[in-house]
2 protein chains.
Amino acid sequence: MKMTPPPRDRADCRAVSEVLSRVGDKWTMQVVVALLDGPQRFNALKRQIGDISQQMLTRTLKTLERDGMVERTVCATTPPQVEYALSALGRSLSEPVRQMAQWARAHLPIIHDNRRRYDERH
Amino acid sequence: MKMTPPPRDRADCRAVSEVLSRVGDKWTMQVVVALLDGPQRFNALKRQIGDISQQMLTRTLKTLERDGMVERTVCATTPPQVEYALSALGRSLSEPVRQMAQWARAHLPIIHDNRRRYDERH
DNA sequence: CGGGATCCAGTAGGATACTG
DNA sequence: CAGTATCCTACTGGATCCCG
């Protein structure tokens with residue numbers, strides 16, 4: 001069986017880049033992580049995340065739904081209830097994200113330090 | 001000793017988000033991967049990546065240098081020669097990126113399919 | 001050769017007000 | 001409660017021309 005090659009191919013680079021820029025926007029990861037605990041309704045999600053506007057939460061959830069990462073369930077009651085849940089695809093993303101999170105925790109202070117020193121020199 | 005917890009903390013989410021959006025721009029990953037083979041000069045890098053403008057290559061390299069991910073070496077000859085090399089920090093990033101690349105390869109077709117179907121329904 | 005300086009279009013992010 | 005509609009700002013990506 002074939003081993004998965006390292007990402008040296010141009011198409012691979014673009015694929016990685018596409019995924020990183022897709023999930024690398026300001027709110028996507030925070031929404032995904034908030035949904036890891038289980039399904040959440042809109043305003044509960046909003047409260048948990050904190051300083052996100054309802055506009056940006058709506059947009060982020062819609063994009064995640066479009067990509068098939070979250071599933072949206074509407075109960076036609078009054079008041080309406082809408083539940084958002086991670087799909088299997090969305091949960092599977094949390095694995096590579098966990099790796100990236102470890103790297104971020106380990107190296108982000110160094111990066112910030114590098115930036116500070118660079119800016120002082122220029 | 002303490003196990004590294006999953007990225008549920010708010011500060012962690014933001015750290016992940018920051019790294020993902022930082023390296024998730026259009027060219028950063030392609031430059032990093034191009035430099036994995038070894039140090040490269042500016043125009044060699046430009047030729048290898050292909051359709052990047054010299055403007056965007058300059059910006060991307062400068063940001064990577066500022067973060068301490070690449071090291072820039074100038075030989076004051078005529079014509080001037082400038083070599084770019086990945087630092088240890090830059091190379092260490094390639095590990096979580098490899099994980100992300102595998103996920104991208106495995107799931108990007110599904111995502112594109114999901115989008116297509118979503119757009120047809122709306 | 002390896003950039004810097006400008007200018008420009010498109011998109012992401014956000015504040016606010018309104019609605020079924 | 002769960003959005004939509006509008007308007008605005010800032011940043012990203014890019015094209016072009018210039019420079020030592």
Side-chain angles (χ1 to χ4, degrees), chain A residues 13-14 17-32 34-35 39-67 70-85 115 118-119 121-122, chain B residues 13-14 17-32 34-35 39-67 70-85 115 118-119 121-122:
Chain A
C13 296
R14 292 182 188 277
S17 231
E18 181 180 341
V19 170
L20 289 180
S21 65
R22 166 62 194 86
V23 302
D25 67 357
K26 193 167 181 182
W27 300 111
T28 294
M29 271 306 116
Q30 299 188 56
V31 171
V32 168
L35 285 174
Q40 302 264 348
R41 289 175 48 193
F42 187 88
N43 278 329
L45 216 40
K46 179 164 173 3
R47 275 189 300 274
Q48 188 182 339
I49 296 176
D51 54 352
I52 188 173
S53 69
Q54 86 278 48
Q55 167 77 297
M56 287 314 295
L57 183 52
T58 300
R59 287 188 197 177
T60 305
L61 285 170
K62 191 169 291 180
T63 310
L64 282 169
E65 188 197 355
R66 177 170 179 257
D67 287 357
V70 306
E71 281 147 12
R72 183 173 178 271
T73 312
V74 187
C75 298
T77 58
T78 46
Q81 298 193 357
V82 184
E83 266 210 349
Y84 293 91
R115 285 183 192 166
Y118 182 95
D119 292 343
R121 288 197 308 268
H122 301 77
Chain B
C13 297
R14 292 182 187 276
S17 231
E18 180 179 342
V19 170
L20 288 180
S21 66
R22 167 62 195 86
V23 302
D25 67 357
K26 192 168 181 180
W27 299 111
T28 294
M29 272 307 118
Q30 298 189 55
V31 171
V32 168
L35 285 174
Q40 304 263 347
R41 289 176 50 194
F42 187 88
N43 278 329
L45 216 41
K46 179 164 171 5
R47 275 188 300 273
Q48 188 183 339
I49 296 176
D51 54 353
I52 189 175
S53 70
Q54 89 276 47
Q55 167 77 300
M56 288 312 296
L57 183 53
T58 299
R59 287 189 198 177
T60 305
L61 285 169
K62 190 168 294 181
T63 311
L64 282 168
E65 187 198 355
R66 177 170 179 257
D67 287 357
V70 307
E71 280 147 13
R72 183 172 179 271
T73 311
V74 187
C75 299
T77 60
T78 45
Q81 298 194 356
V82 184
E83 265 210 349
Y84 293 91
R115 286 183 191 165
Y118 181 93
D119 292 343
R121 287 197 309 269
H122 301 78

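Throughout, a chain's letter reflects where its sequence line sits, starting with A, and its residues are numbered from 1. In what follows, every heavy atom counts, from backbone to side chain, and hydrogens, waters and symmetry copies are set aside.
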**Request:** Would you mind checking if A/Arg115 and B/Glu18 are paired as a salt bridge, meaning a charged N to carboxylate O distance below 4.0 Å?
**Result:** yes
**Asked** To the nearest angstrom, how far is B/Leu57 atom CG from D/dT16 atom C1'?
**Response** 17 Å
**Message:** Please enumerate all residues that pass side chain to side chain contact (heavy atoms under 4.5 Å, CB included) together with A/Thr58, with sequence neighbours excluded.
**Reply:** A/Phe42
**Fill in**
Among the nucleotides D/dT4, D/dA2, C/dG4, whichever has the atom closest to the side chain of A/Gln54 is D/dT4
**Request:** Give a yes/no answer on whether the side chain of A/Tyr84 brings an N or O atom under 4.0 Å of OP1 or OP2 in D/dG3.
**Result:** yes
**Prompt:** Of the non-hydrogen atoms in B/Lys46 and B/Ile52, which two are nearest, and what is the gap between them?
**Reply:** NZ-O, 3.1 Å
**Item:** Rounded distance (Å) that lies between atom P of C/dG13 and atom CZ of B/Arg14
**Value:** 13 Å
**Prompt:** Of all the choices, D/dA15, D/dC17, C/dC1, which nucleotide is nearest to the side chain of B/Pro80 once you look at every atom?
**Reply:** C/dC1
**Asked** What is the distance, rounded to the nearest whole Å, between atom CG of B/Asp25 and atom P of D/dT12?
**Response** 8 Å
Quick one: which protein N/O atoms are closer than 3.5 Å to N/O atoms of nucleotides 5-7 of chain C? Pair and distance per line, please.
| residue | atom | partner | partner atom | Å |
| --- | --- | --- | --- | --- |
| C/dA5 | N6 | B/Gln55 | NE2 | 3.4 |
| C/dT6 | O4 | B/Gln55 | NE2 | 2.7 |

**Prompt:** Between C/dC1 and B/Lys46, is there an OP1 or OP2 to side-chain N/O distance shorter than 4.0 Å?
**Reply:** no
**Request:** Please name all residues satisfying side chain to side chain contact (heavy atoms under 4.5 Å, CB included) with B/Gln40, sequence neighbours left out, ordered by chain then number.
**Result:** B/Leu35, B/Ala44, B/Leu45, B/Gln48
**Distance below 4.0 Å between A/Arg72 side-chain N/O and D/dG3 OP1 or OP2** = yes
**Request:** Measure the distance from NE2 on A/His122 to P on C/dG3 and round it to the nearest whole Å.
**Result:** 12 Å
**Prompt:** What's the CE-P distance between B/Met29 and D/dT12, to the nearest Å?
**Reply:** 16 Å
**Closest-nucleotide 5' rank along DNA chain C - winner of A/Met56 and B/Lys62** = B/Lys62
**Request:** Figure out the CZ/C1' separation between B/Arg41 and C/dG3, and round it to whole Å.
**Result:** 13 Å
**Request:** Mind calculating the distance between CD (A/Glu65) and P (D/dA2) to the nearest angstrom?
**Result:** 15 Å
**Asked** Would a 4.5 Å heavy-atom cut-off, applied to side chains only, mark A/Tyr118 and B/Glu65 as touching?
**Response** yes
**Prompt:** What is the distance from atom CZ of A/Arg47 to atom CG of A/Leu57, rounded to the nearest 0.5 Å?
**Reply:** 11.5 Å
**Asked** Among D/dA2, D/dA15, D/dG13, which nucleotide sits nearest the side chain of B/Lys26?
**Response** D/dG13
**Prompt:** Between atom CD1 in B/Ile52 and atom P in D/dG13, what is the gap in whole Å?
**Reply:** 10 Å
**Asked** Would you say a side-chain N or O of A/Trp27 is under 4.0 Å from OP1 or OP2 of C/dA12?
**Response** no
**Message:** So, taking the atom named CZ in B/Arg59 and the one named OG in B/Ser53, what distance separates them when rounded to the nearest 0.5 Å?
**Reply:** 7.5 Å
